[in-house]
2 protein chains.
Amino acid sequence: MMNQVKENSKDKLIKTASRLFQLQGYHATGLNQITKESGAPKGSLYYHFPNGKEQLAIESVRLTANFVSEQIVEGLNKTQDPAKAIQNLIEDMAKQFQREARKGGIPIASVALETALISEPLREVCQSAYANFQALFTQKLVQAGFEESRAKDMGVVINSMIEGAFLISFTTGNVEPLLLVAKQIPVVLK
Amino acid sequence: MMNQVKENSKDKLIKTASRLFQLQGYHATGLNQITKESGAPKGSLYYHFPNGKEQLAIESVRLTANFVSEQIVEGLNKTQDPAKAIQNLIEDMAKQFQREARKGGIPIASVALETALISEPLREVCQSAYANFQALFTQKLVQAGFEESRAKDMGVVINSMIEGAFLISFTTGNVEPLLLVAKQIPVVLK
DNA sequence: GTCTATATACTGATAGAC
DNA sequence: GTCTATCAGTATATAGAC
């Protein structure tokens, strides 16, 4: 019923918008560019997203967040030991980051920074994304026997370390920060 | 000679631009708003910055970076032990962040994310800013007897942790990430 | 649901008088 | 160095035919 063989305009718009917001940020990405690259007509955009750019961005961030969450889950499931698992996950992210040669942007950070003060709904969906990432790390730690409260704290810390390393790696065009942060994971979890 | 009692248009423009770029990001900040809030005429902007917005942003990021560097230096000088010093610095930043109630933005991150792929000179000045922050942490560690190579690595890691914690704290409107990262500094430096 | 044409406002940038 | 007027382009958003 809801699974269509052919991709509809709404999905095409969200997919294209997700890519462009991630690559260029919120304000640098215009609706004209999104409709043009998605192939969907502009009238269609306001039919599917009556609240315009803000609503489209909210759904785009949700899509991006789900995609990243899946990557995290898959990565963490590869290894039982949590420290090794998280370290490997970050190193895999660094490899992918290097392969793409910085042509993909950072998943959510730019939209979060640009909109946190001007759109409460957009801020909330970015906040949810980060809360979700943290929860995945925390879950992995709890399953490995970490005490609940410490696992929660370390989820926040690990998420911060990863986001910061992404920011610096992206700005400098060098994956070193990601690799160095990965190496510190076993240290902070000891 | 170069120290004028009265603030000239160029300085007013850079100061205002620094504040607005930090608060709103690069693309959301228009030249009309900068000239209006600075009190400087628009014609004056292109007289002082022939390369327009990009050049103004470069000098604004430099000003912001210098200001942050001074804050870091002052903070690190308060305490001799590097772990304690860095931890206290981050906690002070968190306090200031909370006082401002998220009304100041994050110093450089938004501009860095928005421009790294579209302006090489702007990317470079953001990169320099981060390199400078890292060097200050590294210097503190070397002075305390850390081995040079490890001190460099930890400068990068600490800078990443702080930037990431700022990003998450800003997005969520909660200083917890900054405080938790501060608490981990002695752990990673042990 | 799709598509085009258009409205209004604002963007970065420039010209030229003063 | 200052200031105003204005350019061409693009932004988000809407109206209305199909």
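Sequence lines set the chain letters: A, B, ... in the order given, protein chains first and strands last, and positions in each chain run from 1. The structure presented is a predicted model; accordingly, all values stated were derived computationally and were not measured.
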Checklist entry - Thinking salt bridges, do A:Arg19 and A:Glu37 make one under a 4.0 Å N-O criterion? => result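 A:Glu37 and A:Arg19: salt-bridged.
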
Checklist entry - Under 4.0 Å between a side-chain N/O of A:Ser9 and OP1 or OP2 of C:dT2, yes or no? => result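 Yes, such a contact exists.
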
I need the [atom1]-[atom2] distance between [X] and [N], as an integer number of Å.
{"X": "A:Lys53", "N": "D:dA13", "atom1": "NZ", "atom2": "P", "value": "8 Å"}
{"X": "B:Leu56", "N": "C:dG12", "atom1": "CG", "atom2": "P", "value": "10 Å"}
{"X": "B:Leu13", "N": "D:dT2", "atom1": "CG", "atom2": "P", "value": "9 Å"}
{"X": "A:Gln55", "N": "D:dT12", "atom1": "CD", "atom2": "P", "value": "15 Å"}
{"X": "A:Asn8", "N": "C:dT2", "atom1": "CG", "atom2": "C1'", "value": "13 Å"}

Item to check | Polar side-chain atom of A:Thr79 near backbone of A:Asp81 as donor-acceptor pair, under 3.5 Å | outcome: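 Side chain of A:Thr79 to backbone of A:Asp81: no pair is present.
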
Next on the checklist: I'd like to know if the side chain of B:Asn88 pairs up with that of B:Lys78 as donor and acceptor (distance under 3.5 Å, no hydrogens or angles considered).
Outcome noted: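 Checked: B:Asn88/B:Lys78 side chains show no N/O donor-acceptor pair below 3.5 Å.
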
Checklist entry - Does a side chain donor of either B:Ser128 or B:Glu124 reach within less than 3.5 Å of an acceptor in the other side chain? => result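 Distance-only check fails for B:Ser128 and B:Glu124.
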
Checklist entry - Does the cation-pi check pass for B:Lys10 over B:Tyr47, that is, NZ or CZ under 6.0 Å from the six-membered ring centre and within 45° of its axis? => result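 No.
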
Checklist entry - Under a 4.0 Å heavy-atom cut-off, which of residues 25-47 of chain A touch DNA chain D? => result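 Going residue by residue through residues 25-47 of chain A, the ones with a heavy atom under 4.0 Å of DNA chain D turn out to be A:Thr29, A:Gly30, A:Leu31, A:Asn32, A:Lys42, A:Tyr46.
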
Checklist entry - Does some side-chain heavy atom of B:Tyr26 sit less than 4.5 Å from a side-chain heavy atom of B:Glu54? => result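 Yes. Closest side-chain heavy atoms under 4.5 Å.
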
